[in-house]
Amino acid sequence: MKHEKLIIMGSGPAGLTAAIYAARANLKPLVIEGFEPGGQLTLTSEVENFPGFPEGVMGPELMENFKKQAERFGARFVLGNVEGAQLSKRPFEIKVGAEGFSCDSFIIASGASARWLGIESEKKYRGKGVSTCATCDGAFYRNMEVAVVGGGDSAMEEANFLTRFCSKIYVIHRREEFRASKIMLERAQKNPKIEFIMNAAVKEIQGAQTVEKLILESTRDHSTRELAVQGLFVAIGHVPNTTIFKDQLPMNEQGYLLTRPNTTETEISGVFSAGDVHDFRYRQAITAAGSGCRAAMDAEKYLESLGH
């Protein structure tokens, strides 16, 4: 079993920023990339809100630059998923496929995955009119009509945010009752640009190259209708990628990792959390990168305390 000072799980903005900082501190981090290197940003076409790119930058290109920068300072990469971790003894043991690694410190930056509707046509139009992030992609839909699916605070936030750009927003919800807080729901209901379509589900997405219309199915009588829109925002929540740590690290009810106050360290000394794996509020590339920086600096201090 090969031993490392620091292993970083994840290669999105949090994991790669942690790798840059840790590599510059001469910790020679090993990054377990996952099978979708680059994280959620690789599903985004153009990123307009990351500082330093006044003309915008393609999501995959941005993540490739992150990786090159980390490699420049000595970070190493392994393609594969972390399939198991033993954090109750030291050194920690990390299983990646058939390989095993041990490490003195461990940064979990495995992110969160957006919940999708689960319909076949959804995959076809991802990045071509279907999105899970209004903050990321809303500006591409200026003066267009779009739909938001969901009934919680996330859906209301997305709909309200989209009113800055879009001429009309349809909120599609399966039921009559909402999970959204009263204040968020009322704000959306009072906005003249937002129209609610209740007791309906998206059955199919259609269009030539990009989204042109939705086929909605009534959850009451299964009748269908068409809705002409140029974009669809899926806002039915995120799932943090923390399943393998379920019985080892404290989490909230949704599965997001909990950290000690004013630090990225989890309940286990030497195990740190960065990015969307614990941040259920902001979920932006820039905030993930910031927490990756913090996690690397916290790991560096921890390793110093061990005499490394």
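Residues take their numbers from the sequence shown, with the count starting at 1.
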Visitor: Ring centres under 6.0 Å, that's the criterion: do Phe178 and His173 meet it?
Guide: yes
Visitor: In Å, rounded to the nearest 0.5 Å, how long is the span from CD1 of Ile107 to CD1 of Ile32?
Guide: 12.5 Å
Visitor: What residue pairs, at least two apart or across chains, pass disulfide bond (SG atoms under 2.5 Å apart) with a residue in residues 100-134?
Guide: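 For residues 100-134: Cys133-Cys136.
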Visitor: With a 4.0 Å cut-off, would you call Lys95 and Glu93 a salt bridge?
Guide: no
Visitor: Does Asp276 reach the side chain of His238, with side-chain heavy atoms less than 4.5 Å apart?
Guide: no
Visitor: CG of Asp221: more than 12 outside heavy atoms within 6.0 angstrom?
Guide: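 It does: Asp221 CG has more than 12 such atoms within range.
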Visitor: Would you say Lys67 and Asn65 are linked by a side-chain donor-acceptor pair, where the criterion is simply a distance under 3.5 Å?
Guide: no
Visitor: With a 4.5 Å cut-off on side-chain heavy atoms, are Phe106 and Ile108 touching?
Guide: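 When only atoms from C-beta onward are counted, Phe106 and Ile108 do touch, with a gap below 4.5 Å.
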Visitor: Run the numbers on Phe50 and Phe66 for ring-ring contact (aromatic ring centres under 6.0 Å, His included), then give the verdict.
Guide: CA-CA 12 Å; Phe50 200 88; Phe66 271 51; 5.8 Å; yes
Visitor: So that I can tick it off, tell me whether Arg24 and Glu300 are bridged by a salt bridge, with the cut-off set at under 4.0 angstrom between side-chain N and carboxylate O.
Guide: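 Not counted as a salt bridge, because no side-chain N and carboxylate O are separated by less than 4.0 Å.
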Visitor: May I ask you to test the Arg294-Phe272 pair for a side-chain heavy-atom distance under 4.5 Å?
Guide: no
Visitor: Can you name the closest pair of heavy atoms from Ser102 and Met1 and give their distance?
Guide: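 Looking at all heavy atoms of both residues, the shortest contact is N-CG, 3.7 Å.
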Visitor: Using a distance-only test with no angle check, is there a side-chain donor-acceptor pair under 3.5 angstrom linking Asn252 and His278?
Guide: no
Visitor: Would you find more than 12 non-hydrogen atoms of other residues, nucleotides or ligands less than 6.0 Å from Glu304 atom CD?
Guide: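 Buried by this count: over 12 neighbours within 6.0 Å.
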Visitor: Taking the side chain as everything from C-beta on, heavy atoms only, tell me whether Leu214 gets closer than 4.5 Å to Ile172.
Guide: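 Heavy-atom side-chain distance check passes, below 4.5 Å.
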Visitor: Crowded around Tyr170 OH? As in, over 12 foreign heavy atoms under 6.0 Å?
Guide: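 Atom OH in Tyr170 is packed in, count exceeds 12.
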Visitor: Can you name the nearest heavy-atom pair linking Pro13 to Ala285, along with the distance?
Guide: CB-O, 3.6 Å
Visitor: Is Tyr141 close to Phe233 at the side-chain level, that is, under 4.5 Å between some pair of heavy atoms?
Guide: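 Yes. Closest side-chain heavy atoms under 4.5 Å.
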Visitor: Heavy-atom distance under 4.5 Å between the side chains of Phe245 and Val271, does that happen here?
Guide: no
Visitor: Determine whether the aromatic ring centres of Phe280 and Tyr256 lie less than 6.0 Å apart.
Guide: yes
Visitor: Do other residues, nucleotides or ligands put more than 12 heavy atoms under 6.0 Å from the CE atom of Met144?
Guide: yes
Visitor: Is the number of heavy atoms from other residues, nucleotides or ligands under 6.0 Å of Glu99 CD greater than 12?
Guide: no
Visitor: A quick test of your reading: do over 12 heavy atoms of other residues, nucleotides or ligands sit less than 6.0 Å from NZ of Lys168?
Guide: yes
Visitor: Is the closest side-chain heavy-atom distance between Gln230 and Ser167 below 4.5 Å?
Guide: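 A side-chain contact under 4.5 Å is absent here.
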Visitor: Surrounding CD of Glu267 (heavy atoms of other residues, nucleotides or ligands, distance under 6.0 Å), is the total greater than 12?
Guide: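 No, not enclosed.
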Visitor: Taking side chain as C-beta onward, heavy atoms only, is Glu217 less than 4.5 Å from Glu204?
Guide: no
Visitor: Going by the side-chain contact (heavy atoms from CB on, under 4.5 Å) test, name the single residue among Met9, Lys2, Arg76 that passes it with Leu30.
Guide: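 Only one of Met9, Lys2, Arg76 forms a side-chain contact (heavy atoms from CB on, under 4.5 Å) with Leu30, namely Arg76.
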